[in-house]
Amino acid sequence: MIRHVSFDFDGVLANSNETNLTYIHRTLVNVGVNLDPEIEYARILELWGKSAKALMENLLQEHPEKVNEALAHINKARASTEYHHDIPL
């Protein structure tokens, strides 16, 4: 009898990378931060797969006072049905 099944959903069954990049960028814009696209992408890749807090702290190095606002925004976005609707299966 099978008692447990494990699988890797993100990146295997669903490709959420582009959606995550879009929502991270929207988060920065919503907190009033506009990074050079190359810097933004490089900072995201540095901590890809780490916690949202670590990622936002890295992205907002010049604006540490905006980290909590950004975390609230990204967490709200990730909880929304719109976020999940945008992930291609």
Side-chain angles (χ1 to χ4, degrees):
M1 172 193 304
I2 297 174
R3 301 180 93 195
H4 178 82
V5 175
S6 295
F7 61 92
D8 184 354
F9 185 82
D10 193 22
V12 176
L13 298 177
N15 184 2
S16 61
N17 289 348
E18 289 301 319
T19 301
N20 282 325
L21 291 171
T22 298
Y23 276 87
I24 290 167
H25 178 74
R26 286 183 191 172
T27 294
L28 295 178
V29 171
N30 283 326
V31 299
V33 174
N34 292 301
L35 292 176
D36 175 275
E38 289 182 18
I39 292 171
E40 181 179 322
Y41 189 66
R43 288 183 184 180
I44 290 169
L45 290 183
E46 285 174 14
L47 295 177
W48 190 256
K50 303 297 181 190
S51 71
K53 183 176 184 197
L55 181 61
M56 287 302 146
E57 287 172 344
N58 195 42
L59 283 165
L60 297 168
Q61 294 172 25
E62 296 83 8
H63 307 280
E65 72 282 358
K66 295 187 181 232
V67 169
N68 288 334
E69 182 184 356
L71 285 172
H73 185 273
I74 197 75
N75 289 332
K76 183 178 178 183
R78 286 180 174 167
S80 77
T81 56
E82 177 187 331
Y83 174 83
H84 298 286
H85 181 267
D86 290 343
I87 298 174
L89 297 176

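It should be emphasised that the depicted structure is a prediction, and the values quoted were computed from it without experimental measurement.
- Heavy-atom minimum distance, Leu71 versus Met56: CD2-CG, 3.9 Å.
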Test side chain to side chain contact (heavy atoms under 4.5 Å, CB included) applied to Leu59 and Arg43, step by step
CA-CA 6 Å; Leu59 283 165; Arg43 288 183 184 180; 3.8 Å; yes
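- Taken from CG in Asn30 to OH in Tyr23, the straight-line distance is 11.0 Å, to the nearest 0.5 Å.
- Looking only at side-chain heavy atoms (C-beta outward), Asn34 and Leu28 stay at 4.5 Å or farther from each other.
- Nearest approach of His73 to Thr27, heavy atoms of both residues: ND1-OG1, 3.0 Å.
- Put simply, CD on Glu69 and CD1 on Ile74 are 12.5 Å apart, with the number rounded to the nearest 0.5 Å.
- Ala54 and Leu47 make their closest contact through O-CD1, 3.3 Å (heavy atoms, listed as atom of the first residue, atom of the second, distance).
- The two atoms that bring Glu62 and Pro64 nearest to each other are C-CD, 3.5 Å, heavy atoms only.
- Under the 4.5 Å side-chain heavy-atom criterion for grouping Ile, Leu, Val, Met, Phe, Trp and Tyr, Tyr41 is connected to Leu55 within one hydrophobic cluster.
- The side-chain contact (heavy atoms from CB on, under 4.5 Å) test with Ile44 singles out one residue from Leu35, Asn20, Leu21, and that residue is Leu21.
- The neighbour count for Glu18 CD, taken as heavy atoms of other residues, nucleotides or ligands under 6.0 Å away, does not exceed 12.
- For Glu38, the salt bridge (charged side-chain N to carboxylate O under 4.0 Å, His left out) criterion is met by no residue, not counting sequence neighbours.
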Would Val67 and Val31 satisfy side chain to side chain contact (heavy atoms under 4.5 Å, CB included), going step by step from the backbone distance to the final call?
CA-CA 9 Å; Val67 169; Val31 299; over 6 Å; no
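- Residues Ile39 and Ile24 fall into different hydrophobic clusters, defined by Ile, Leu, Val, Met, Phe, Trp and Tyr side chains chained together at heavy-atom separations under 4.5 Å.
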